[in-house]
Amino acid sequence: MKQKNVLKLTTTTFAIIGAGTLLFYSAAEMTLAANNGKVGKVPTSYQVSDSLETELPKSATKKEGGVKVNYTVSMDSLNTGTPTDTDLTMEEAAEVGNQYLKNIFGLDLEGAYVYMHYNPGTETFPRAFWSGDVLFQKEQKPESTRWTFLIDAVTGELFDAANDRQLDVSVSLAYDAALEKDYHLYAELAQKKVEECKLMDSPVDRVAYNCQGYSLNDPTITVDVIGGNGEMVNMAFSRYDQAFLGLCTDTSRRITESALDNLVGEAVSVETEKVEDDTITWTTSVVK
């Protein structure tokens, strides 16, 4: 039960992020728009391979045979982190993340604007990571359609990827109780996506219902795709048109669960010490 609650917290956060990835984005995007002109742009041309199973780039040009893609990479104006010598550079991280977006969403990055952010780790996600916010317009707005990714800052391993969009129609965001019992359509879509994109090391064993929510004005449903070895990928879809909206990988889930368990343990420990201290104080007062 505890694990399920953690999973629901993770996927609910994931749905709220929309960009699956960055907790501060939705709150800060108005500032981003206001400061957009202050960000230095780095025009970038890469040879992007069709396969994700390639070595990390050592230069701006990939091997021949790839498709040349031109997009603009810039450091996010709110970025405060500084990558270390062992971390991927901003350009390398952008290329790796964009390859994931191409593989998972079929995204063509030609002409895109990629805003990068480096973080050495947080309390709830204690792993250094690069995150990217990809748009096809220069100005970032809360309602802008975007694709995002979050990857390990050193290895480039994928943690989260998502597509956030504003629907041009008004639809109900209400909870659909029937989907708890009959979610087979989303289970089929999730299994197909996992297998097509090779997101698991083992064959899919089953798909389980997780939760419902919404991103902007798009109602969502999240399911857990579980592999034969226990590996789990959380996947979100739109309840409006069944569009795939994003995923949290098994590694991301385990990092978050472990961090939350540690925080809960620390909170319990502090509360226990406080109770013991209060008891000692009360006992001492009575003796006096």
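Values reported hereafter were calculated over all heavy atoms of this structure, with side chains retained and with hydrogens, waters and symmetry mates removed. Note that the structure is predicted; figures quoted are calculated from it, not measured.
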D133 side chain to Q140 side chain, donor-acceptor N/O pair below 3.5 angstrom: yes
Sidechain-backbone polar pair: Y100 side chain, D160 backbone, donor-acceptor under 3.5 Å: no
Quick one: SG on C248 to CG on N210, what's the gap to the nearest 0.5 Å? 10.0 Å
So, are E188 and K192 salt-bridged, with charged N and O less than 4.0 Å apart? no
Check: Q166 side chain, E143 main-chain N or O, donor-acceptor pair, under 3.5 Å: no
Distance-only polar pair, side chains of H117 and N119, donor-acceptor under 3.5 Å: no
Counting N and O atoms only, with roles assigned by atom type, does the side chain of R206 sit under 3.5 Å from a partner on the main chain of G228, one being a donor and the other an acceptor? no
If two hydrophobic side chains count as joined below 4.5 Å and joins carry through other members, does Y209 share a cluster with L247? yes
Less than 6.0 Å separating the ring centroids of F244 and F237? yes
Nearest heavy-atom approach of L135 to S144 is CD2-CB, 3.4 Å
Do T251 and E157 get their side chains close enough for a donor-acceptor pair, meaning under 3.5 Å? yes
Does E95 use its side chain to pair, donor to acceptor, with the backbone of E92 at less than 3.5 Å? no
Nearest-0.5 Å distance, CZ of residue F105 to SG of residue C197: 9.0 Å
Are the side chain of R146 and the backbone N or O of K141 linked by a donor-acceptor pair below 3.5 Å? yes
Find out if a path of hydrophobic residues (ILVMFWY) with successive side-chain heavy-atom gaps under 4.5 Å connects V233 to L185. yes
Just checking, is any N or O donor in the side chain of S258 or D261 under 3.5 Å from an acceptor N or O on the other one? no
With a 3.5 Å distance limit and no angle check, can you tell me whether K193 reaches the backbone of L199 through a side-chain donor-acceptor pair? no
How long is the gap from OG on S172 to CG on N217, to the nearest 0.5 Å? 11.5 Å
Would you say the side-chain atoms of E231 pair up with the backbone N or O of D201, donor to acceptor, closer than 3.5 Å? yes
Which heavy atom of A128 sits nearest to which heavy atom of Y118, and what is that distance? CB-OH, 3.8 Å
Shortest non-hydrogen separation from E110 to F136 and the atoms involved: O-CE2, 3.5 Å
Give a yes or no answer on whether the side chain of N98 reaches the backbone of A94 with a donor-acceptor pair at less than 3.5 Å. yes
How about F125 and F159: are their ring centres within less than 6.0 Å of each other? yes
Nearest-0.5 Å distance, CG of residue L216 to OG1 of residue T145: 9.0 Å
Side-chain heavy atoms under 4.5 angstrom apart, residues restricted to Ile, Leu, Val, Met, Phe, Trp, Tyr: same cluster for Y186 and L167? no
Check: T148 side chain, G132 main-chain N or O, donor-acceptor pair, under 3.5 Å: no
Nearest 0.5 angstrom please: R127 CZ to D152 CG, how far? 5.0 Å
Going hydrophobic residue to hydrophobic residue with side-chain gaps under 4.5 angstrom, can you get from L189 over to Y240? no
For I255 and P126 the tightest heavy-atom approach is CG2-CD, 3.9 Å
Run the side-chain contact (heavy atoms from CB on, under 4.5 Å) test on V225 and M200 for me, step by step, so that the C-alpha distance in whole Å, both residues' side-chain angles and the decisive distance to 0.1 Å come before the verdict. CA-CA 9 Å; V225 184; M200 278 188 171; 3.9 Å; yes
Please round to the nearest 0.5 Å and tell me the distance separating atom CD1 of I221 and atom CG of D176. 8.0 Å
Which atoms form the tightest heavy-atom contact between N234 and T222, and what is the distance? CB-CG2, 4.3 Å
Worked verdict on R165 versus D218 for salt bridge (Lys or Arg N to Asp or Glu O under 4.0 Å): CA-CA 8 Å; R165 61 184 188 169; D218 196 355; 2.7 Å; yes
Given side chains that start at C-beta, do those of M235 and D224 come closer than 4.5 Å, heavy atoms only? no
Might you point out which heavy atoms bring V207 and V204 nearest each other, and give the distance in Å? CG2-CG1, 4.4 Å
For the pair L158 and L150, evaluate side-chain contact (heavy atoms from CB on, under 4.5 Å) and give the outcome as yes or no after the intermediate values. CA-CA 6 Å; L158 178 65; L150 189 146; over 6 Å; no
Judged by modelled atom types alone, do S215 and D164 share a side-chain donor-acceptor pair under 3.5 Å? yes
Looking at side-chain heavy atoms only, is the closest gap between V73 and M90 below 4.5 Å? yes
